[in-house]
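Data first, discussion second: the structure below is written as structure tokens.
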Amino acid sequence: MTTETATIGVVSHGEFEHPDPISNQVFGFWIYILSDLVLFSTIFAAFAVVGHHYAGGPTGKDLFNLPYTLGETLFLLFSSATYGLAMLAMEGNRRNLVLVWLLVTFLFGLGFITMEVSEFYHLIRAGDGPSRSAFLSAFFTLVGTHGAHVSTGLLWMAVMMVQVVTKDLTPAVQSRLIRLSIFWHFLDIIWVGVFTVVYLMGVI
Amino acid sequence: MERAGAGKASLKAYAAGFFYSIALTEIAFWMVMHGERTLPRWVVVGGIFLAAVVQILIHLHYFLHLDRSSTVRWNVLALVFTVLIITIFIGGTLWIMSNLHYRMM
């Protein structure tokens with residue numbers, strides 16, 4: 001396994017346009033992101049099929065509060081922008097600024113997750129949990145999968161803040177920060193699909 | 001250094017992407033919250049899906065820095081292939097399930 005990786009590394013240096021290992025790592029991570037996109041597309045497809053099967057239970061119109069969803073959306077959008085500022089600080093090799101923007105991004109992301117967990121909590125408390133109808137099963141699966149991704153991203157971000165402090169902005173740490181940025185922006189893109197298909201279409 | 005999928009970042013690009021995204025989000029929510037009473041349904045549905053597609057392209061361009069340059073060609077090619085797969089998945093699922101629904105009525 002080690003020799004194989006080394007061989008591929010040598011070949012890619014010679015024949016392909018991937019001069020630095022970070023580009024290779026980022027490309028590999030991009031392939032993972034695309035496979036995650038396929039995962040989300042299957043959940044979107046499931047929601048599209050059963051999204052109107054309410055089983056006599058509440059509909060999107062009864063459950064969704066659009067100003068609340070708009071607030072969640074803005075949290076995620078602001079966090080995407082502040083992560084961009086962290087990347088700019090990283091390129092300028094300004095370690096403390098990177099930490100500040102990572103922390104701001106983390107707090108915006110935490111705000112998003114807190115709002116989502118609170119929404120889930122109130123739905124389940126009111127008896128409108130995932131077992132209520134096919135629509136709610138699909139809703140909790142889709143929005144919950146996105147929320148699980150955001151939570152993982154937050155955990156990753158916390159680890160990166162520790163690494164920036166303890167290891168400084170080494171090439172390895174920079175590579176991880178770049179990949180986290182792709183992950184984070186990707187989650188914002190998925191959320192655009194979620195608020196359009198689930199919340200806005202659910203209320204119309 | 002130019003890096004595939006994460007190169008050419010600039011403050012201007014992030015600011016532009018951020019403001020376009022805010023604008024498109026506000027337009028989409030406004031159309032559903034306030035425009036629904038005056039606008040016909042197909043305009044609202046078409047409008048929010050158009051706003052979503054444009055916003056996704058804005059994110060890809062300004063936040064993920066995907067464009068037609070050669071440094072990110074493989075990233076874009078892989079994305080295009082994935083979009084094809086997704087179209088087959090979602091389109092095929094809806095087609096099959098609606099057909100099944102029709103036959104079982």
Side-chain angles (χ1 to χ4, degrees), chain A residues 16-20 22-27 29-31 33-35 37-38 40-42 44-46 48-50 66-67 69-70 73-74 77-78 80-85 87-88 90-91 174-175 177-179 181-182 184-186 188-190 192-193 195-197 199-204, chain B residues 1-7 9-11 13-15 17-19 21-22 24-26 28-33 36 41 44-45 48-49 51-53 55-56 58-60 62-64 66 70-75 78-79 81-83 85-94 96-98 101:
Chain A
F16 301 106
E17 295 172 21
H18 281 307
D20 70 316
I22 293 185
S23 280
N24 280 344
Q25 290 169 339
V26 168
F27 182 66
F29 191 73
W30 181 243
I31 299 297
I33 288 290
L34 294 177
S35 74
L37 195 58
V38 171
F40 272 106
S41 79
T42 60
F44 269 108
V49 170
V50 299
L66 283 189
T69 309
L70 182 60
T73 307
L74 291 180
L77 205 50
F78 271 91
S80 245
T82 54
Y83 201 103
L85 295 175
M87 293 303 287
L88 290 178
M90 188 193 84
E91 275 170 30
Q174 292 200 21
S175 169
L177 284 171
I178 292 171
R179 278 173 278 159
S181 90
I182 295 174
W184 201 250
H185 294 314
F186 159 74
D188 205 355
I189 290 178
I190 296 291
V192 173
F195 80 67
T196 303
V197 172
Y199 290 94
L200 294 180
M201 285 303 290
V203 170
I204 289 175
Chain B
M1 198 189 311
E2 300 239 328
R3 277 170 193 150
S10 75
L11 186 59
Y14 281 119
F18 178 64
F19 284 114
S21 301
I22 291 275
L24 285 162
T25 302
E26 295 287 347
F29 275 84
W30 183 88
M31 281 182 89
V32 176
M33 289 196 286
E36 211 192 353
R41 188 187 146 86
V44 176
V45 173
I48 61 173
F49 274 100
V53 169
Q55 185 169 175
I56 287 170
I58 294 273
H59 280 239
L60 289 173
Y62 289 104
F63 291 158
L64 290 169
L66 291 180
S70 61
T71 44
V72 291
R73 182 177 296 150
W74 284 104
N75 299 49
L79 175 66
F81 175 71
T82 310
V83 170
I85 297 293
I86 289 173
T87 311
I88 294 171
F89 268 13
I90 297 184
T93 303
L94 289 176
I96 290 170
M97 293 309 285
S98 72
H101 185 68

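Small disclaimer: the values here were computed from a predicted structure and weren't measured. Note: hydrogens, waters and symmetry copies are ignored here, and every other heavy atom, side chains too, is used.
- Of the listed residues (B:Leu79, B:Ile58, B:Leu60), the one with the most heavy-atom contacts under 4.5 Å to chain A is B:Leu79.
- At a threshold of 4.5 Å between non-hydrogen side-chain atoms, the residues B:Leu64 and B:Asn75 do not count as touching.
- Considering only heavy atoms from C-beta on, A:Ile178 comes within 4.5 Å of A:Met90 through its side chain.
- Relative ring orientation between B:His59 and B:Phe63 is described as perpendicular, the plane-to-plane angle rising above 60° on a 0-90° scale split at 30° and 60°.
- Heavy-atom pairs under 4.5 Å with chain A peak, among B:Val45, B:Leu24, B:Ile85, at B:Val45.
- Listed options B:Ser21, B:Gly17, B:Gly92, B:Ala15 were ranked by heavy-atom pairs under 4.5 angstrom with chain A; first place goes to B:Ser21.
- Evaluation of the side-chain hydrogen bond (donor to acceptor under 3.5 Å, both in side chains) rule for A:Thr82 yields A:Thr105 as partners, not counting sequence neighbours.
- For A:Thr73, the part sitting under 4.5 Å from any heavy atom of chain B is the side chain, from C-beta outward, and nothing else.
- B:Leu66 places a side-chain heavy atom less than 4.5 Å from the side chain of A:Trp30.
- Most heavy-atom pairs under 4.5 Å with chain A: of the set B:Phe29, B:Phe81, B:Phe49, B:Phe89, this distinction falls to B:Phe29.
- Remark: A:Trp184 pairs with A:Ser79 by the side-chain hydrogen bond (donor to acceptor under 3.5 Å, both in side chains) rule, at least two apart or across chains.
- The greatest number of non-hydrogen atom pairs below 4.5 Å with chain B, out of A:Leu34, A:Thr69, A:Leu74, is found for A:Leu34.
- Considering only heavy-atom pairs separated by less than 4.5 Å from chain B, the leading option among A:Ile189, A:Asp188, A:Ile31, A:Thr42 is A:Ile189.
- With a 4.5 angstrom heavy-atom cutoff, A:Phe195 touches chain B only via side-chain atoms.
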